[in-house]
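Within every chain, numbering begins at 1; the chains are lettered A, B, ... in the order of the sequence lines, protein sequences first and strands thereafter. Because only heavy atoms are used, hydrogens play no part in the values below, and waters and symmetry mates are left out as well, while side chains stay in.
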Amino acid sequence: MDDRMLDTLNPEQRLAVTEPGGAALVLAGAGSGKTRVIAHRIAHLLSARHVSAHSVLAVTFTNKAAEEMRARVLDLLQKPALPFLWIGTFHAMCARLLRADVEALGGPYNRNFTILDADDSAGLVRRLLRDRGVSERNIQPRAVLSAISRAKTEGLSAEAFAEKARGHFFLTVAPVYLAYERQLADSNSMDFDDLLGVALRLLEERPEVRAKYQHQFQHILVDEYQDTNRIQYRLLRVLSEKWGNLFAVGDEDQSIYRWRGADIQNILDFQRDFRGAKVIKLERNYRSTRAILEAANHLVAHNTRRIGKNLWTERGDGGAVRVFAAPSDREEAAYVADSMLSLKARYAWRQMAVLYRTNAQSRTFEEACLNRRIPYQVVGGLKFYERKEVKDVLAYLRAGLNPQDRLAVARILNVPPRGLGATTVEKLAALAEERRTTLVEAIRAAAEEGLFPSRTCTALRGFLDILQGVGKRAAAGGPAAVTQWVLEATGYVAYLAEQGESGPDPEARIENVRELVSAMREFESREGGDLRLFLERQALASDQDELKDGPVDAVRLMTLHAAKGLEFPVVFLSGLEQDLCPHALSSQTEEGLEEERRLCYVGMTRAMDRLTLTWARQRYVFGVVQDRLPSPFLGEIPGGRVEEVHGVERAPMSLLEAAALLDAAEAPKPAPQKVLRVGARIHHKKYGFGIVLALEGSGESQKVTVSFNRFGRKKLLASLAGLDLV
DNA sequence: TTTGGCACAATTTTT
DNA sequence: TTGTGCCAAA
Ligand SMILES: Nc1ncnc2c1ncn2[C@@H]1O[C@H](COP(=O)(O)OP(=O)(O)OP(=O)(O)O)[C@@H](O)[C@H]1O
């Protein structure tokens, strides 16, 4: 059984998989089977070496990769489940460890701690800046947040940071960082960086906890080691100390998260960091055709900070990498979509992917797909759990479970509105401060002591009842039932419905709340009814597609970052323009530029059979046309490996495909010009030319909002204004 | 306190 | 082009 498993590996891979122990680094290029080696090694350890699943920790980069890894191992071992095997991201692993053992630190956290998402953190920083009278104009909350995050990954506490701080920016950040930390501690909450940092502190400071995990993890395996940060490195160090069995795989050419604190030095220094570490190289690429591989290799060879490697393939040439220069971004998308339509004869939708540098680029491609009825799925981007309505509902659950969670309480205190406005909230916050207690305690005190007008006190009591109800019901029922109750008790759905006028599309928002409930049901059927666990999963979940059921046959649209670790037979790498890829904000420094080049390399090496690089001579940015230049990266790929193309990619057309084309041709064309619609150009007697921005109502009472070229925005009654369509 | 309107500013990448 | 925050009016 084990032998058969090893048969599907080449000699170098087999060496890695069966490596007896100690520290080892598999350093290898794209598509050389690193991830495969990890999966096989886990299976090998469990079967041939009789290691208990409980003793193995495998770290992946995303939750999705973790799931896939688990599935692969199960498949290799022909097992239905391996519940004790730890596979997950660093963050998930730390969250799990902290849930079990944070209290050993003796405060300030308890096991019900909340995990803050980026949105919560940003909101808090914004508020703290405002409290200090710092305008967002001068200092961007985002910059503050990333300074704090950077400090945390360097292991710099707020106090240490404040001591070291020099210069206007850092001197502004320092007190905010201090206040931020205090707030989180008081709220029994951790941000993403804290998960790692506090876990590390726990392991370093509590010998009994350290001993427990050091003893448990006889084997630690890490995928994508090139994108680990300093804290993660230290975690691995501590955890692997007893057994010394640390098995890492990575590719320095695919390090693309420096902006998030990843330190490429980790992989470059592996041998120095872990004495006696063995380095294993894999040089055969199993993924891409030769043309694709060589084009990518040539590109990344322009980087200087790399170890360098040979990478070869036995696959055929496979035709040159195509480069398409489109007149505009719309035509770029049209070209890509038409090509996919014609490639459908040979590939399933799901085998094709469109990659881009920024999320904003997805839109044009979505429209192009929509027009042609190409099923597509945007991976990442706008996350389901980040929607306002979803976050509101979750905040009730968070607050019910962790009453110290001040951010959650503050978020929902007056949502839906119950007459507790800004002044009341401020007074409550002051009261909490004065009595050195939590916000919820302050609310309770205020209600009991009648510190506010009676109407306000009644509202406060009502609010407390709901939080209590959540706490009580969470113990008995599953997340879905608790949520259902919250919705009823708060009238939240009705509130959304009323929001009709101002809020965008109330129905979609109500639908999102429903989807949340069904996601919970689904969770319950898989993992049981633990609300705490659900909230943790949700906080760490990245893409929304974890919600959706099963793989659908749809074209994938995603950023280059999101494409890491994946592979597709057909890849379109779009927007290869100067200042976009490489992005203007990263091209300033040589290091930044090299990372952009790696990003491009990652994108190219996702392709198995066909790779097309596209760029547009003109692109809409904020609705304004901009002239664009091709990316310098295009010039770094040798001419022999690329070919300029002009027409749509053709594959032999099947009857089915011809039908699809015809169908698409008949598909919804833009509405006829002569109808008053959003985007229509109009002329007004007095105001001259303008563009319709919005329409409300219909018939006689229809109102039109128009942006006039010379008079700005006006709202008019369509029936009286005498508008001419032009 | 709430609502709606309006100006304005923003886009890198994400656990 | 979208979203957000601020301000004025009810
Ligand atoms: N020995 C092998 N025989 C057949 N196919 C292989 C072998 N090794 C790897 N492959 C295939 O090559 C492809 C790439 O493997 P894998 O994703 O593990 O590579 P990787 O090194 O992790 O890639 P990347 O770093 O680019 O994400 C997969 O489709 C895998 O099945």
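Considering only side-chain N and O atoms, Arg142(A) lies under 4.0 angstrom from the phosphate OP1 or OP2 of dT11(B). The shortest distance between the side-chain N/O atoms of Asn414(A) and the OP1/OP2 oxygens of dT2(B) is below 4.0 Å. Contact between the side-chain N/O atoms of Arg258(A) and the OP1/OP2 oxygens of dT13(B) is not found at any separation under 4.0 Å. Under 4.0 angstrom from either OP1 or OP2 of dT13(B) there lies at least one side-chain N or O belonging to Asn359(A). Contact check, Lys64(A) against dT14(B): no side-chain N or O comes under 4.0 Å of OP1 or OP2. At least one side-chain nitrogen or oxygen of Arg363(A) sits closer than 4.0 Å to the OP1 or OP2 atom of dT2(C). Between Thr62(A) and the phosphate of dT14(B), there is no side-chain N or O to OP1/OP2 separation shorter than 4.0 Å.
For His583(A) against dT12(B), no side-chain N or O and base N or O form a donor-acceptor pair under 3.5 Å.
When the nearest nucleotides of DNA chain B are assigned to Arg260(A) and Leu420(A) by heavy-atom distance, the more 5′-ward of the two goes with Leu420(A).
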Could you provide the dot-bracket string of DNA chain C, using ( ) for intrastrand pairs, [ ] for crossing pairs and | for bases paired to another strand, with Watson-Crick or G-U pairs below 3.5 Å? .|||||||||
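Not counting sequence neighbours, Glu367(A) has no partner by the side-chain hydrogen bond (donor to acceptor under 3.5 Å, both in side chains) test.
Using atom P as the reference point in both dT4(C) and dT13(B), the two lie 15 Å apart (nearest Å). Atom C1' of dG5(C) sits at a distance of 23 Å from the matching atom of dT12(B), rounded to the whole Å. Spacing between dC6(C) and dT11(B) at atom C1', rounded to whole Å, works out to 22 Å.
Below 30°, between 30° and 60°, or above 60°: for Phe365(A) and Tyr356(A) the angle between ring planes is below 30°, a parallel geometry.
Remark: ring of Phe90(A) does not overlap the six-membered base ring of dT15(B) in a stacked fashion, as centroids less than 5.5 Å apart with planes less than 30° apart are not both met.
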